[in-house]
Asker: 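For reference, the structure I am asking about is given below.
To find a chain, count down the sequence lines: A is the first, B the second, and so on, and within it residues start at 1.
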Amino acid sequence: MSTTDTTDEQPRELLAATNVKKHFPLDEGLFDRLFGDSQVVRAVDGVDLTVHAGETVGIVGESGSGKSTLGRTVSRLYEPTDGSIMLDGRHIETYSGRELRSIRRRVQYVFQDPLSALNPRKTVGESVARPLSVHDIASGEAKWDRVAELFDEVGLARSHLDAYPHELSGGQRQRVGLCRALVTEPDLVVFDEPVSALDVTLQAQILNLINRLQQEFELSYLLISHDLSVVRQVCDRVAVMYAGEIVERGTVADIFENPKHPYTRALLDAIPRVEAGERGERKSLGGEPPSATNPPDGCRFHPRCPEFIDGSCSGRKPELQSVDGSAGHEAACHWLDRSEAKRATHTPPSPSERDVIQESTGD
Amino acid sequence: MSTDYGDADTFFGVRLDRFERLYEAVAGDYKATFGLVTVTLFVLAAIFAPELAPYDPMAQEYAIMQAPSLSSAHPLGTDSFGRDLLSRMMYGARVSLGVSLGAVTIGAVVGVSLGVVAGYFGGWVDDALMRFVDVLWAFPWLLVAIMLVAIFGQGVWNVIAAIAFAYIDDFARLARGEVLSIREEEFVLAAKNIGLGDLGIMTEEVLPNAVAPLIVQFTVLIARAILAESTLSFLGIGVKPTTPTWGALLGQGRSLIGQAWWISIVPGVAIVITVLGINLFGDALRDAFDVRGEGGSP
């Protein structure tokens with residue numbers, strides 16, 4: 001929602017993830033295993049994340065920044081490597097079996113591509129109804145009534161119940177995905193790029209639907225997207241991820257009106273604009289996201305940073321610190337307090353020079 | 001479909017519209033119809049052999065023993081012992097079809113279970129199960145057959161066991177390979193997300209999507225099983241030597257092919273027609289299961 005609640009009392013923390021890490025082991029040969037030279041992909045590397053009841057938190061970042069992995073780890077589709085995940089004050093990171101199944105009912109995940117996320121050999125009605133029998137919520141007639149109601153709710157015809165996924169259009173399939181996520185009446189829904197596979201008119205429809213469902217069912221959302229306009233439209237708070245870490249977070253207003261981290265600025269600069277007179281001024285971010293097996297020392301963004309200052313960027317890892325004393329807005333940069341004028345005139349050293357700059361020249 | 005809620009009637013857990021699809025697939029395709037009809041006829045002939053067969057398959061007619069002949073009394077002729085070939089073919093179908101269907105079904109159930117579990121769980125489960133399958137594969141099935149006969153004596157069940165043993169690895173490897181790619185699909189993660197357990201994911205999500213190549217494998221191995229049974233009969237470690245089987249008839253007629261070609265040609269043709277029929281029906285079955293309609297249906 002873009003309407004931010006500024007009530008004094010903080011709503012309850014539905015999801016609180018602390019220092020969450022998800023490392024994937026690289027498939028190694030026998031020799032690496034024997035000699036203990038094991039490498040891991042640090043997809044998510046120490047992330048704190050909270051979602052309050054009723055709010056929508058956005059996670060943005062470029063491909064490979066670990067945002068989907070984060071979403072899947074906090075919803076326990078992936079085993080967390082480290083860190084704690086609390087749902088309603090209970091640690092769920094060690095749950096398994098029956099306990100985990102109760103979590104599955106309360107946390108639902110909506111996939112980016114509904115075609116690949118629906119079993120091609122089940123009718124979409126069967127796919128949507130299945131959670132009801134898994135969790136013993138309803139069976140027989142009651143089950144199908146509930147599914148049919150939800151189909152009405154999201155604007156699908158009841159005749160679609162008997163359709164197979166490939167027989168539906170992209171928008172209809174994503175509506176089916178929403179139905180499946182909502183059928184167990186969850187508390188938290190994680191959306192992984194919910195509209196990026198759809199065309200623009202459909203995107204607006206689905207986003208409106210997502211908004212409406214949130215109010216109707218009192219849901220909390222975690223929305224993962226690389227599309228900043230989607231995030232701006234739907235979210236209350238935003239976290240910006242880079243190379244498995246959160247580099248800046250705050251309310252939508254904080255991030256979009258007052259971005260502090262150079263990476264956030266670069267992301268915002270990359271949004272195409274249609275206003276006259278602004279053409280040609282866009283700076284594009286050079287380079288590529290760093291290797292997730294061997295991330296750069298210091299600030300992980302330093303090899304690409306347009307505001308690279310000195311050795312402290314490449315030597316010390318910046319912690320998230322509050323911006324302008326505001327509690328909600330935090331950024332992980334050593335140079336948060338620089339003035340706009342300095343930022344504009346600063347010419348950073350070239351990437352090859354950056355490697356040479358030593359810690360000693362800093363501070 | 002019948003109801004507006006998509007709550008299709010089920011028959012032993014299988015949705016009836018699947019059978020409708022199967023019916024459409026078979027009725028709409030003359031090759032599949034041919035396959036189903038021939039296989040059904042052979043199976044019926046085998047089941048009702050005691051009622052249908054014109055002669056006792058063991059009864060010898062000494063008058064025409066040395067000169068197998070085609071006549072109205074013996075439409076398919078007689079063999080070198082003067083026994084009616086048509087009757088022997090009908091009784092032979094019982095053993096041949098029963099052994100091949102039974103052996104391949106057992107091999108499929110065991111092999112697919114092993115392969116699906118191995119592929120789904122991966123890691124050490126995969127290693128352990130597939131090494132076990134390797135051992136089965138490396139063990140010569142003829143030796144297994146000889147061993148079983150040596151221990152338990154001759155009998156249909158030993159033949160079935162020996163042939164099933166030989167086919168476990170084919171099914172296990174094929175199923176595992178399919179599962180390895182299917183388990184990475186997003187709908188498997190989605191099934192995990194709704195709280196489905198491992199067993200549910202394997203049977204509901206993974207296996208139905210791996211079924212097409214398994215059906216093809218099944219129909220191919222039926223043919224090989226009929227021949228394997230005849231191999232065992234030929235070596236004298238199959239069913240009891242006087243019991244007629246297609247493979248045994250084929251083997252006996254081989255030496256007389258110059259004088260009485262029909263003794264070996266008739267069972268040979270029967271094997272070919274059965275295998276063809278099962279293959280054609282299997283293709284229709286595969287298309288019926290393939291809801292996307294991507295199969296090579298004409």
Asker: In the structure I gave you, are the side-chain heavy atoms of B:E204 and A:K122 within less than 4.5 Å of one another anywhere?
Answerer: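 A side-chain contact under 4.5 Å exists here.
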Asker: If you measure from NZ on B:K192 to OH on A:Y109, what distance do you get to the nearest 0.5 Å?
Answerer: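 One gets 12.0 Å once the value is rounded to the nearest 0.5 Å.
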Asker: May I ask you to say whether B:E205 pairs ionically with A:R121, meaning some side-chain N is under 4.0 Å from a carboxylate O?
Answerer: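 No, no charged N to carboxylate O under 4.0 Å.
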Asker: Scan residues 216-225 of chain A for pairs that pass salt bridge (Lys or Arg N to Asp or Glu O under 4.0 Å), counting only residues two or more places apart or in two chains.
Answerer: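 Non-adjacent pairs meeting salt bridge (Lys or Arg N to Asp or Glu O under 4.0 Å): A:R212-A:E216.
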Asker: Counting only non-hydrogen atoms closer than 4.5 Å, does A:S116 touch chain B with its backbone (N, CA, C, O), its side chain (CB onward), both, or neither?
Answerer: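 Contact with chain B is through both the backbone and side chain of A:S116.
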Asker: Where along residues 79-87 of chain A does a heavy atom come under 4.5 Å of chain B, listed by residue number?
Answerer: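 Contacts with chain B: none.
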Asker: Given side chains that start at C-beta, do those of A:R72 and B:L189 come closer than 4.5 Å, heavy atoms only?
Answerer: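 Yes, their side chains come closer than 4.5 Å.
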Asker: Using a cut-off of under 4.5 Å on heavy-atom pairs, state which of A:N119, A:L118, A:V134 scores highest against chain B.
Answerer: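 Highest number of pairs under 4.5 Å: A:N119.
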Asker: Does CZ in B:R131 sit with more than 12 non-hydrogen atoms of other residues, nucleotides or ligands closer than 6.0 Å?
Answerer: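 More than 12 within 6.0 Å, yes.
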Asker: How long is the straight-line distance from CZ of A:R105 back to CG of B:N193, given to the nearest 0.5 Å?
Answerer: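 Separation between the atoms: 14.0 Å.
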Asker: Can you confirm whether B:F187 sits close enough to A:P120 that some side-chain heavy atom of one is under 4.5 Å from a side-chain heavy atom of the other?
Answerer: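 With C-beta onward as the side chain, the pair touches.
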Asker: Given a strict heavy-atom distance threshold of 4.5 Å, which part of A:V183 is in contact with chain B: side chain, backbone, both, or neither?
Answerer: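 Answer is neither: A:V183 stays 4.5 Å or more from chain B.
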Asker: Taking the side chain as everything from C-beta on, heavy atoms only, tell me whether A:R104 gets closer than 4.5 Å to B:I194.
Answerer: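 No. Closest side-chain heavy atoms not under 4.5 Å.
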